[in-house]
J.: 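One structure is given below, represented as structure tokens, and several questions about it will come after.
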Amino acid sequence: LVCLGLSTIAEITLLGAGFVKDHDQPALFQFVPVFFMCASGMFLMGSNRDMVLFLINSHIDVATYALILLSFCFVIMFYFYVLVDLYFALAVARHVEDAEHRAMPHRLYTLIFPMDNDRSRVLLGMKKRGFGCNKYNGFGGKVEAEETIDEGAIRELNEESGLLATRVDKQGLLLFYFEDNPVAMEVHVYLASEYTGDVVETDEMRPEWFGIHELPFAQMWADDERWWPHVLRGEKFVGRFWFKADQITITREELSRVESLSF
């Protein structure tokens with residue numbers, strides 16, 4: 001009983017400290033651990049003949065028995081969450097940690113799309129110079145050494161459109177390989193549904209609103225049309241795309257829906 005109690009305290013502390021990550025699970029899935037915890041605990045404790053006889057012969061009152069049952073349930077819940085954590089981590093890791101990808105140097109980028117949900121619109125920018133010139137795209141760029149990926153996305157959006165995002169949600173992860181570039185691009189895709197400021201044209205981008213079902217794919221990167229349906233369905237995704245040197249032709253692609261982007 002002492003060991004069970006100490007384990008329970010340690011597990012609650014780890015959960016509270018964020019040892020087990022938030023995986024943005026679907027609402028229904030969030031109830032599974034609770035059900036699993038209660039059902040498994042009651043089944044294993046209540047149906048074990050030796051355990052029941054021990055509790056009866058020891059004259060343990062109902063409150064103590066309930067405490068033991070609850071502690072046992074917490075043990076089950078904790079290890080269930082650990083397994084879920086590992087499963088989700090591996091689901092994304094298999095895309096970004098295979099031998100081919102790890103053999104290449106890569107750099108972090110962000111790509112963020114401001115959404116006007118009331119009018120079913122998304123803000124794109126026509127790139128006026130540099131990489132991707134004359135293509136519509138979201139806003140983004142390199143993540144600086146002193147900032148987090150989220151901070152990089154917010155900064156790039158502000159610099160390129162004048163908007164300051166107050167809430168960003170990571171929606172996808174894109175990995176790009178160009179045959180004339182030995183460095184892979186690891187692009188973290190965000191949606192911004194809350195922001196302040198006014199949209200302005202900058203030296204780098206000319207912003208323009210489009211209906212979420214009316215994106216100008218003919219003037220965008222070739223991969224955008226592949227993964228944008230995941231965004232429309234509210235699904236998280238991981239995509240890998242191999243481009244020729246012309247930055248137009250896709251020679252190989254992998255695209256998967258994932259439950260989490262933690263890895």
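Each residue takes its place number in the sequence, starting with 1.
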J.: If the threshold is 4.0 Å, N to carboxylate O, is there a salt bridge linking Glu201 and Lys128?
T.: yes
J.: Between Arg206 and Glu204, does any NZ, NE, NH1 or NH2 come within less than 4.0 Å of an OD or OE carboxylate oxygen?
T.: no
J.: So, are Glu253 and Arg226 salt-bridged, with charged N and O less than 4.0 Å apart?
T.: yes
J.: Where does the angle between the aromatic ring planes of Phe178 and Phe243 fall among parallel (under 30°), tilted (30 to 60°) and perpendicular (over 60°)?
T.: parallel
J.: Side chains of Lys236 and His230: do they bring a donor and an acceptor to under 3.5 Å?
T.: no
J.: So Leu123 and Leu163, do their side chains get closer than 4.5 Å, heavy atoms only?
T.: yes
J.: Where do Tyr195 and Met115 come nearest, in terms of heavy atoms and distance?
T.: OH-O, 3.0 Å
J.: Which is it for Arg107 and Glu186 under the salt bridge (Lys or Arg N to Asp or Glu O under 4.0 Å) test, yes or no, and what are the steps along the way?
T.: CA-CA 6 Å; Arg107 181 152 190 181; Glu186 180 179 316; over 6 Å; no
J.: Would Glu179 and Lys244 satisfy salt bridge (Lys or Arg N to Asp or Glu O under 4.0 Å), going step by step from the backbone distance to the final call?
T.: CA-CA 5 Å; Glu179 64 179 12; Lys244 282 193 169 185; over 6 Å; no
J.: Roughly how far, to the nearest 0.5 Å, is OG1 of Thr110 from CD of Glu147?
T.: 8.0 Å
J.: Any link between Leu175 and Ile149 through a network of hydrophobic side chains (Ile, Leu, Val, Met, Phe, Trp, Tyr) touching at under 4.5 Å?
T.: no
J.: Glu159: which residues meet the side chain to side chain donor-acceptor pair (under 3.5 Å) condition with it, sequence neighbours left out?
T.: Arg155
